[in-house]
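Predicted, not measured: the structure shown is a model, and the values here were computed from it. So you know, we letter chains A, B, ... as the sequences are listed, proteins then strands, and number each from 1.
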Number of protein chains: 2
Amino acid sequence: MLGISKSTVSRALAGRSDIHPETKRKILDLASQLQYEPNTLAINLKQQKTNTIGVIVPETINRFFARAIGGIQKQADMAGMNVMICQSNESYIAEKKNLHSLVSSRVDGIIVSISTETDRSDHFVSLTEKGIPLVFFDRVFEDIVASQVVTNNYEIAMEGTEHLIKQGCKRIAFVTGPEHLFNSRSRLSGYLDALRKHNVQVKDSYIVHSHYRSDKVEEYTRYLLNLPQRPDAIFAINDYAALEMIHIMKKSGLRIPQDVAVLGFNNENLCRFVEPSLSSIDHPAHDIGASAAEILINHIRHQDLKPEKRVIKSNLIIRESTEVK
Amino acid sequence: MLGISKSTVSRALAGRSDIHPETKRKILDLASQLQYEPNTLAINLKQQKTNTIGVIVPETINRFFARAIGGIQKQADMAGMNVMICQSNESYIAEKKNLHSLVSSRVDGIIVSISTETDRSDHFVSLTEKGIPLVFFDRVFEDIVASQVVTNNYEIAMEGTEHLIKQGCKRIAFVTGPEHLFNSRSRLSGYLDALRKHNVQVKDSYIVHSHYRSDKVEEYTRYLLNLPQRPDAIFAINDYAALEMIHIMKKSGLRIPQDVAVLGFNNENLCRFVEPSLSSIDHPAHDIGASAAEILINHIRHQDLKPEKRVIKSNLIIRESTEVK
DNA sequence: TTGAAAGCGCTAACAG
DNA sequence: CTGTTAGCGCTTTCAA
């Protein structure tokens, strides 16, 4: 329309300096008048990169992951990158599909927190071969050679358990994720070592492997309550589960924390507002996500970096639900 | 590597029938051996479509939107389409940016729930001109010519308010979103009409326009409690806000629901587990999202369809927090 | 049943 | 400062 070649137009739109101001103005004016939108597909195809970070999480409805994504987005925004989010819905198959989809979309790097079903890492090794940077967070593989961001699961589980022991609890139930997940195992070790350290008897029946599914809470709560030796403390898998457990126990006439102390996980806002207020583990989701993104972006920009492992500290937050005395 | 032209390879990979089975097998074998991943960018560029639905929501950390996205994803999966999620973070500027980004990415259609800041619709009209299908949900524009999915905000606000009146409440506070949002206004009208219908005095001081920000709850709660005529009921903006309000009021020595009845919004799981259990409005987020996606996909497939408006019914769920008697 | 060639919208040498 | 040209990886006529 202006009788100008497309290279010049391209230069104007890209904001280059090697162009006559007048020409540039004319192009920009017409572009905005025509409501021109550059075709990202074509740009990305040409550039062989997409400026996009792919993310695979189990479920965005889970607030931990929602907050982690917030942290990822923030870092991505700062770096001028986009984020593409996929949910595995805790399914190994879906996770694999997501991965293919992200690779096909040619994202520049991928951040993953694996599904509960995922018990092997083969689908991720090909990424490394293809040179696509990869960072795991929270739910990671123990052995794989890749960057990862985790919290001090072992230590915090130990600290939480010791706190319960100090409150005088002797029969401490522990609800955690599936055994094959590394962070579940770390937490379990922390719990077990705390018991052993303080000479508290370990009982397998007090250990519940949940699948992070909210529809199972009632079932395992009843199981715990019906044990011949009912627990006098529960270390829950997350705050929502803790809340539901407390509700069920109260209905059974149990007092919290006098009869059963309850320790949550994640330190959601609601912890402060429920009754009794809920002790919990502050799990810095936003920071974890941000760290993962930071590492990934670094690896995208400098292909030769070594995998990095970062540990973010969780904190025990004590409230009424574990104040037995 | 096979001495076969790329057209033939393309045919094999696309699963066409006009190809020799033997050739096809060889191609597919080699492809999987090489871990070949088709370049979605190139395919989309060529096809002039991306099989992708763009979504703009205020915040995915908000459970309503997280669940709505779940509904969108489900429909998209069924239709073999992808979903690209953007967050406006309740900012008008970010919303505009998201929109440009989605258009540049050449998504086939867009689903939007507008930010609290958004008080005009100019940035959306160009979409219609470009022939990009557009569906709004929950937070919609009243006047724009586009498909939309909403709930019966007016009726449900009326029903909730009438329920409180029937409990004997006379000074009913109402917390809602910003005035320029259509659904806030609808709810407010429902509330006002319910009061008038039952000859309950309308007091402006009982109406709070919040911005869906959790950090303002304490402030407006104190404001309401310090009114010369303290409210005896509160219709809250969502369940989390309701929970926090209840917490603050309990600390002030008020009994719920005897002194102040509280009605939440969204019917989160936690409503059943808190004390007193929380009455709420069941707001079918998943269905709303699914409907929006269904309409959008229809419009993508049949460009000539007229805009469709769909209303999904919310339901009043009565629990202890409003059972005054 | 297969191949050659054009083109999707853009960028980036290179030449002028 | 601007235009020409080639090419990113794919699909799709058209011809053989």
Quiz item: Using a heavy-atom cut-off of 4.0 Å to chain A, what are the terminal contacting nucleotides of DNA chain D, in 5' to 3' order?
Solution: D:dC1 to D:dG9

Quiz item: Of all residues at least two apart in sequence or in a different chain, which pass the ring pair (Phe, Tyr, Trp, His ring centres under 6.0 Å) check with B:His211?
Solution: none

Quiz item: Mind checking what makes ring pair (Phe, Tyr, Trp, His ring centres under 6.0 Å) contact with A:Phe136, not counting sequence neighbours?
Solution: A:Phe124, A:Phe141

Practice problem: Using salt bridge (charged side-chain N to carboxylate O under 4.0 Å, His left out) as the criterion, list what pairs up with B:Glu90, not counting sequence neighbours. | Solution: B:Arg139

Practice problem: Give me the residues of residues 24-35 of chain A where at least one heavy atom lies under 4.0 Å from an atom of DNA chain C, by number, or none. | Solution: none

Quiz prompt | Pairs meeting criterion salt bridge (Lys or Arg N to Asp or Glu O under 4.0 Å) with involvement of residues 43-57 of chain A, two or more places apart | solution = none

Exercise. Mark up nucleotides 6-16 of chain C, 5' to 3', with B wherever a protein heavy atom is under 4.0 angstrom from a base atom, S wherever such an atom reaches only the sugar-phosphate, and - elsewhere.
Key: BBBBBBB----

Restricting to side chain to side chain donor-acceptor pair (under 3.5 Å), what partner residues turn up for [X], sequence neighbours left out?
X	answer
A:Asp143	none
B:Glu179	none
B:Arg11	none
A:Asp29	A:Arg25

Quiz item: Looking at B:Ser5, does any N or O in its side chain come under 4.0 Å of the phosphate oxygens OP1/OP2 on C:dG3?
Solution: yes

Exercise. With sequence neighbours excluded, give me every side-chain hydrogen bond (donor to acceptor under 3.5 Å, both in side chains) pair touching residues 55-64 of chain A.
Key: A:Thr60-A:Gln87, A:Arg63-A:Glu268

Exercise. Taking A:Thr40 for its side chain and B:Ser104 for its backbone only, find out whether a donor-acceptor pair lies under 3.5 Å.
Key: yes

